[in-house]
K.L.:
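The structure under discussion is supplied below as structure tokens; questions concerning it will follow.
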2 protein chains.
Amino acid sequence: MAQKIKLSTIADSLGLSTATISLALRDSPLVASDTRDKIKEQARALGYIYNRRAASLRTSRSGIIGVVVHDVMNPFYGEILKAIESELDRSRHTFILSNHYDSVEKQRTFIETLLQLGGDGVIMSPAIGTPVEDIRLAEQNGMPAILVARTMDGVDLPTYRGDDSYGISLATNHLIGLGHRVIAMIGGTDQTSTGRDRYQGYVDALRKANIEVDPSLRIPGPRTMQGGFEAAVNFLSLPQKPTAAVCWNDLVAIGLMNGIARAGLIPGQDISVTGYDDLEQASISTPSLTTVSNQQADVGRLAARALLDRLAGSHEPDGLHLIKPEMRIRQSTSPYKPLRDLAKA
Amino acid sequence: MAQKIKLSTIADSLGLSTATISLALRDSPLVASDTRDKIKEQARALGYIYNRRAASLRTSRSGIIGVVVHDVMNPFYGEILKAIESELDRSRHTFILSNHYDSVEKQRTFIETLLQLGGDGVIMSPAIGTPVEDIRLAEQNGMPAILVARTMDGVDLPTYRGDDSYGISLATNHLIGLGHRVIAMIGGTDQTSTGRDRYQGYVDALRKANIEVDPSLRIPGPRTMQGGFEAAVNFLSLPQKPTAAVCWNDLVAIGLMNGIARAGLIPGQDISVTGYDDLEQASISTPSLTTVSNQQADVGRLAARALLDRLAGSHEPDGLHLIKPEMRIRQSTSPYKPLRDLAKA
DNA sequence: CTGAAAGCGCTTACAG
DNA sequence: CTGAAAGCGCTTACAG
């Protein structure tokens with residue numbers, strides 16, 4: 001490893017001061033253009049690497065933005081993260097990604113680390129049970145926070161997420177429109193605002209169509225493909241014999257369809273199934289999945305932009321910004337027909 | 001936002017020097033234990049936040065480790081990343097994740113950013129076409145690099161990845177052991193080392209069993225579920241009438257099984273199919289998929305540990321470390337029986 | 001248009 | 001066991 005090159009190395013080699021070098025490398029108009037060109041040329045030739053820690057110690061701006069969600073590898077966050085990434089790239093910010101796996105502890109550690117690194121801001125999908133103090137920790141130390149995908153009670157931060165209640169009502173209405181009357185809801189939990197909102201959207205849609213709401217048609221819990229697969233057994237043994245299922249998300253829906261197929265029924269024909277999220281997998285599953293697009297790219301883009309605006313000094317109004325979901329109709333839903341008797345098969 | 005708390009704030013409030021505070025907070029035995037307790041108590045009370053940039057400027061250690069792969073959201077990297085994360089968490093390192101999407105440009109920007117932040121090391125699955133200079137850039141500036149999942153020609157860095165040739169031979173031998181003799185290979189490409197290795201593993205296994213290798217039994221190309229689905233038509237019209245297929249990965253295998261089912265044959269009974277990767281979906285597909293586990297968790301764990309060892313001063317031998325894959329036998333493979341004539345059905 | 005000097009908040013020999 | 005002081009590599013008023 002060669003000798004470390006720093007501003008003073010360049011300054012000495014050119015007979016200039018570090019101040020001039022510093023200004024030139026950042027394209028300050030204070031430096032004559034030919035001096036600047038000479039300096040940049042020399043920096044390149046010496047293999048100079050800008051030391052951000054030193055700069056940020058001085059300026060108290062790090063260019064770092066933290067992003068923490070439940071699980072980066074979960075495709076649900078894929079589009080949100082990609083949209084955030086592309087917004088942040090454009091403004092030359094570095095983004096630090098982390099999972100909290102719904103551990104409040106892990107999330108707090110991340111926020112503390114980010115503060116230690118001098119993070120300029122944080123975009124988070126808060127862990128279940130996040131105490132308000134953890135959010136305040138960020139804000140009080142000058143690190144603005146923006147929420148995505150999940151709401152938090154008791155804080156008035158800018159929050160960007162899909163309109164879940166509206167989105168689920170789209171799916172439910174679609175099934176009702178096809179003639180289904182016994183419609184189960186599979187997956188999700190009351191512990192998150194999203195879970196409550198989606199269940200509420202389902203309930204509201206049924207009520208509006210004058211269909212009695214039967215709480216035992218709800219199978220809460222599943223959030224993964226595996227979970228949906230396992231839920232198929234409970235679903236198929238419901239005494240009400242549902243002919244359709246509104247699922248928490250695409251993964252649950254795909255898992256449920258696999259479970260239904262395993263039991264000898266044909267998903268999409270015998271049982272109509274809807275998903276939520278419109279993942280890439282939704283369009284190529286067999287049958288292709290009727291689902292709700294969350295418009296996740298919009299969620300991510302708007303959240304990132306809101307943070308950048310705030311860092312630039314302009315203050316977007318706080319509070320909830322709901323993005324309207326859209327229906328994607330495919331092969332996993334079909335008009336109602338009476339359920340085949342499995343015992344006969 | 002309250003007044004910024006720093007070491008000197010604590011020092012002044014307690015009538016001590018910053019040196020003592022610094023040592024106490026890091027549990028130095030040089031500080032009397034009751035002094036230390038008092039200091040820690042006060043730090044907590046004041047809401048002190050450790051400034052890592054200042055510390056790292058002084059020590060030239062940042063605690064930051066970069067991880068860059070093709071696409072964080074791609075499930076192929078999921079287990080690798082989780083294993084790296086948990087190793088790094090344990091050693092209290094911060095990890096910065098990034099996608100390069102096989103853009104050499106984006107990958108170089110990431111390495112430069114990491115150097116600017118004083119990254120201690122980097123774990124990478126190099127972008128296709130990465131020039132050796134980009135890797136040297138890291139090493140020459142004192143930032144050791146470890147490779148995962150992909151090999152790079154011309155560099156002698158520690159590299160951790162699955163033994164693809166061995167893995168595919170496991171799958172092929174499994175089918176041979178079940179009595180199959182006409183076995184097709186679906187998907188993959190000769191453009192990557194992985195593609196060449198997997199085809200070679202298939203060829204070697206056949207040769208060892210004295211089965212003649214017929215190049216027209218290879219259908220290269222498919223890497224997605226959609227691709228596997230479309231390949232079913234070609235597969236079923238092969239004049240050699242294969243009774244089994246070794247697939248490039250789980251997605252291709254699942255797609256192929258869907259295509260086989262669509263044509264009226266029963267995958268797992270009429271045609272045996274193997275996958276590769278052992279994704280979550282493999283165990284819940286219908287039929288459940290016999291596949292090869294890449295042992296991705298081992299890849300990630302060993303790579304992270306190799307980097308940490310190197311940072312701690314001990315030098316693992318460079319070069320390629322191949323992780324042995326393992327067979328997962330499920331329902332998509334069964335003993336050979338003559339192929340049903342579809343024309344009759 | 002360029003330079004001298006202070007200071008961001010730590011850690012680390014060194015001294016006592 | 002504790003303190004005084006230098007220095008990590010930048011940026012930023014300020015002076016010229």
Side-chain angles (χ1 to χ4, degrees), chain A residues 2-40 42-43 46-64 112-113 115-120 141-142, chain B residues 1-40 42-43 46-64 113 115-120 141-142:
Chain A
Q3 186 60 35
K4 200 100 186 176
I5 309 299
K6 43 191 176 174
L7 283 192
S8 65
T9 318
I10 304 177
D12 292 350
S13 78
L14 252 32
L16 291 167
S17 76
T18 59
T20 304
I21 310 294
S22 171
L23 292 168
L25 291 179
R26 284 174 296 132
D27 289 317
S28 162
L30 290 177
V31 181
S33 71
D34 48 345
T35 311
R36 187 180 64 219
D37 292 346
K38 213 186 314 170
I39 289 171
K40 287 196 163 183
Q42 180 75 343
L46 292 174
Y48 171 66
I49 289 177
Y50 180 65
N51 187 327
R52 282 216 216 184
R53 337 211 269 298
S56 127
L57 184 57
R58 182 59 225 259
T59 61
S60 66
R61 269 268 189 149
S62 66
I64 291 175
E112 275 165 7
T113 300
L115 285 170
Q116 293 177 359
L117 292 172
D120 292 339
N141 287 283
Chain B
M1 173 180 165
Q3 186 61 31
K4 200 100 188 175
I5 310 298
K6 44 190 175 175
L7 283 193
S8 66
T9 317
I10 304 177
D12 292 350
S13 77
L14 252 32
L16 291 166
S17 76
T18 59
T20 304
I21 310 295
S22 171
L23 292 167
L25 290 179
R26 281 173 300 133
D27 288 316
S28 162
L30 290 177
V31 180
S33 71
D34 48 343
T35 311
R36 188 180 62 218
D37 292 345
K38 212 187 315 168
I39 288 171
K40 287 195 165 187
Q42 180 74 345
L46 292 174
Y48 171 67
I49 288 177
Y50 179 66
N51 187 327
R52 282 216 215 185
R53 338 213 268 297
S56 127
L57 184 57
R58 181 61 224 255
T59 62
S60 65
R61 269 265 189 152
S62 66
I64 291 175
T113 300
L115 285 170
Q116 293 177 359
L117 291 171
D120 292 339
N141 287 283

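Order of the sequence lines fixes the chain letters, A, B, ..., with proteins taken first and strands second; residue numbering starts at 1 for each chain.
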K.L.:
Report the distance from atom CZ of Arg58(B) to atom P of dT11(C), rounded to the nearest whole Å.
P.N.:
9 Å
K.L.:
Just call it for Ala19(A): base, sugar-phosphate, or nothing, with non-hydrogen atoms closer than 4.0 Å on any strand.
P.N.:
base
K.L.:
It should be established whether Thr59(A) places a side-chain nitrogen or oxygen under 4.0 Å from OP1 or OP2 of nucleotide dC10(D).
P.N.:
no
K.L.:
In whole Å, I'd like the distance from the CG atom of Leu14(B) to the P atom of dG3(D).
P.N.:
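Nearest whole value for this atom pair: 10 Å.
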K.L.:
Leu7(A) CG to dA5(C) P: how many Å, rounded?
P.N.:
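From Leu7(A) CG to dA5(C) P: 18 Å.
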K.L.:
Tell me what Ser8(A) touches on the nucleic acid: a base, only sugar-phosphate, or nothing, going by heavy atoms under 4.0 Å.
P.N.:
nothing
K.L.:
Using only atom types and a distance under 3.5 Å, with no angle test, would you say the side chain of Arg58(B) pairs donor to acceptor with the backbone of Ala54(B)?
P.N.:
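Side chain of Arg58(B) to backbone of Ala54(B): no pair is present.
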K.L.:
Kindly say if Arg26(A) contacts the phosphate of dT12(D), meaning a side-chain N or O under 4.0 Å from OP1 or OP2.
P.N.:
yes
K.L.:
Return the value, rounded to whole Å, for the distance between atom CG of Leu25(A) and atom C1' of dT11(D).
P.N.:
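In whole Å, dT11(D) C1' lies 12 Å from Leu25(A) CG.
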K.L.:
Under a 3.5 Å cut-off for both contacts, is dG16(D) paired Watson-Crick or G-U wobble with anything, and if yes, with which nucleotide?
P.N.:
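Across any shown strand, dG16(D) pairs with dC1(C).
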K.L.:
Roughly how many Å is it from CD in Gln116(A) to P in dC8(C), rounded to a whole number?
P.N.:
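Computing the Gln116(A):CD to dC8(C):P distance gives 20 Å.
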K.L.:
Whole-Å distance between dG9(C) P and Leu57(B) CG?
P.N.:
12 Å
K.L.:
Hey, does the side chain of Ser22(B) come within less than 4.0 Å of dT11(C)'s phosphate (OP1/OP2), counting only N and O?
P.N.:
yes
K.L.:
What is the minimum heavy-atom distance between Ile5(A) and Leu46(A), and which atoms define it?
P.N.:
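Smallest heavy-atom distance, with atoms named: CG1-O, 3.3 Å.
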K.L.:
From CD1 of Ile21(B) over to P of dG9(C), roughly how many Å is that when rounded to an integer?
P.N.:
16 Å
K.L.:
What is the distance, to the nearest angstrom, from the CG atom on Leu30(A) to the C1' atom on dG3(C)?
P.N.:
13 Å
K.L.:
Starting at the 5' end of DNA chain D and moving along, which residue's nearest nucleotide shows up first, Ala54(B) or Thr18(B)?
P.N.:
Thr18(B)
K.L.:
Between Gly119(B) and Ser62(B), which heavy-atom pair has the shortest distance, and what is it?
P.N.:
CA-OG, 3.7 Å
K.L.:
Taking any heavy-atom pair under 4.0 Å as a contact, classify Gly118(B): base, sugar-phosphate, or nothing.
P.N.:
nothing
K.L.:
Using a cut-off of strictly less than 4.0 Å, decide whether Thr20(A) has a side-chain nitrogen or oxygen near OP1 or OP2 of dT2(C).
P.N.:
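Negative; the distance criterion is not met.
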K.L.:
Taking the side chain from Thr9(A) and the backbone from Lys6(A), do they hold a donor-acceptor pair closer than 3.5 Å?
P.N.:
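Yes, the answer is positive, given that a donor and an acceptor are paired below the 3.5 Å cut-off.
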K.L.:
From dG3(C), dG9(D), dC10(C), pick the nucleotide closest to the side chain of Tyr50(B)?
P.N.:
dC10(C)
K.L.:
Could you state the interatomic distance from OG1 (Thr59(B)) to CZ (Arg53(A)), rounded to the nearest 0.5 Å?
P.N.:
7.5 Å
K.L.:
Would you say a side-chain N or O of Tyr48(A) is under 4.0 Å from OP1 or OP2 of dG9(D)?
P.N.:
no
